[in-house]
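So the structure is just underneath, and the comments pick up after that.
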Amino acid sequence: MSANSHQDFYDSVQRYFDRAAAVTDHSKGILEQIRHCNSVYRMHFPVRIGNDVKVVEAYRVQHSQHKLPCKGGIRYSESVNQLEVMALATLMTYKCAVVDVPFGGAKGGIKINPRECSVDELERITRRYTAELVRKNFIGPAIDVPAPDYGTGPREMAWILDTYLAFNNSMIDAYGCVTGKPVTQSGIRGRIEATGRGVFYGIREVVKNKEDMDALDLTTGLEGKKVVIQGLGNVGYHTARIFQEHDALLIGLAEYEGAIYDPTGKGFDIEKVMKHRKETGSILNYPGATNIEPTEKALELDCDILIPAALENVIHNGNAHLIKAKIIGEAANGPVTADAEETLLKKGVILVPDMFLNAGGVTVSYFEWLKNLSHVRFGRMGRRFQEAASSRMLDVVESLTGRSVKTEAREMVTHGASEIDLVRSGLEDTMINAYHAIHKTWRDNPKVTDLRTAAFAVAIDKIAVIYKELGVFP
Ligand code: GLU
């Protein structure tokens, strides 16, 4: 990704903000305070790589501290630069506000290609980065809480936690300094699939609306919808898996080495495709599939729903007019540039914005942080009590009716909520509520022309209230 496209990404985010700010009635001062990135920490640190020493460039940006801690992932990618991390941190602020996660926005980035680093090197880089954050007070359960993003996962989060603990071994809430940790390291069940599951809950709401679907000449419901997913990393893979479970048809799948299309229209089995990719090292040449190269061409496939789930700026001025999807679900952050968005909206496409659609990750991160602060697994206190209460209720029903409830039905009715049940239900509720709030803003306000403007306006309103109540601005 070039420096120009990072500029485009940052400019797109600011253009989206300005467009939405214009439909709100907040003062210039408040809007300006919300718009700017509050703190940018750029660092260079040396790391031993083989017999050599490499100087690594890295960032942590805190866009807003209107609520604390700040929150956002850390990405490992060769294309990381300051503007990109600033744009991503900015999106985090609005994302948290839209789904009522009480955090300010932040993002981190380390400019490395993780595929070219050994596990040892990755560990050294991650630990040193964490130490740099500790040194400047840029990490902590009440300050700023990183999480996984592109190129990172539970393993990196475990290293961050371990390094933070080395500096703060007597801090009782120290485990809340990072989320997306392995479950064995105080993580939470359901965090890995959370973004993909959130994408599913979000799109399920979108396709439920009959009026909106009529306008696109589509039926309601996910069943039978032709779907193309770009990127089969953590977000894309779980989105594909859960879409498939709900009878959507995965007719196109794209990865960086190429893409495949299912000419039968029946849809791929995601597990089989993943197995093929693992065995052959590529998604290409999957039996029965048509290869698509270059991989970007997959975005132009004829489908109902297109899910870009990889990186920013993949739909731009050069290909927006070629996109055939009727719904675009932004599972990645910033996949559509502001110019491309204009073209797509003119064509009547429903664009489901990143700051809402991929908020499942940070939502479950919030649950993980709550778990870490409360030092107890969700469901631990109430599960057995709930099961016993339901069981007593069935006993009463049996004695009153003289009929017995079958074992299977009894088990279903008396099932008490476990951690994963609670995480999924909290996530589902969050995504449904957030969608209806932004949909209402879109439909009720004639000046709001699309879902993204609506999502930004909802977020701006929630943040502005805080500054107003603080009495900082009139
Ligand atoms: N990196 C994810 C995002 O962009 C998750 C952030 C988090 O869990 O804090 O939303």
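Ligands are counted one by one from 1 in listed order, and the atoms in each one are counted from 1 as well. Since we're looking at a predicted model, the values are computed, not measured.
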Honestly, for Leu88 the part within reach of ligand 1 (heavy atoms, under 4.0 Å) is neither
| Sidechain-backbone polar pair: Lys347 side chain, Thr343 backbone, donor-acceptor under 3.5 Å | no
Short version for Arg191: what comes under 4.0 Å of ligand 1, heavy atoms counted, is side chain
Geometry only, no angles: is Asn358 polar-contacting ligand 1 at N/O separations under 3.5 Å? no
min-distance protein heavy atom vs atom 7 (C) of ligand 1 -> Ala147 CB, 3.3 Å
Please tell me whether Tyr94 and His63 form a close aromatic pair, meaning their ring centres lie under 6.0 Å apart. yes
- Task: Give a yes or no answer on whether the side chain of Glu419 reaches the backbone of Gly379 with a donor-acceptor pair at less than 3.5 Å.
- Result: no
Taking the ring centre of each residue, are Tyr366 and Phe103 less than 6.0 Å apart? yes
The atoms of ligand 1 lying under 4.0 Å from a heavy atom of Gly361, numbered in the order shown, are 8 (O)
among protein heavy atoms, the one nearest atom 3 (C) of ligand 1 is Lys95 NZ, 3.3 Å
| query | Has the side chain of Lys107 got a donor or acceptor atom that lies under 3.5 Å from a matching backbone atom of Gly72? | reply | no
Review point. Do other residues, nucleotides or ligands put more than 12 heavy atoms under 6.0 Å from Lys67 NZ?
Key: no
Q) Is NZ or CZ of Arg452 both nearer than 6.0 Å to the six-membered ring centre of Tyr16 and within 45° of the ring axis? A) yes
Honestly, for Pro148 the part within reach of ligand 1 (heavy atoms, under 4.0 Å) is backbone
Among Asp149, Asp354, Thr179, Val362, the residue with a heavy atom nearest to atom 1 (N) of ligand 1 is Asp149
Near Ser365 (heavy-atom distance under 4.0 Å), the atoms of ligand 1 are 7 (C), 8 (O), 9 (O)
Nearest non-hydrogen protein atom to atom 9 (O) of ligand 1, with distance, is Lys71 NZ, 2.8 Å
Nearest non-hydrogen protein atom to atom 4 (O) of ligand 1, with distance, is Lys107 NZ, 2.8 Å
Point to revise | Gly72 touching ligand 1 at heavy-atom level, < 4.0 angstrom | key: yes
Query - Cationic N near anionic O, under 4.0 Å, Lys225 to Asp304 - result: no
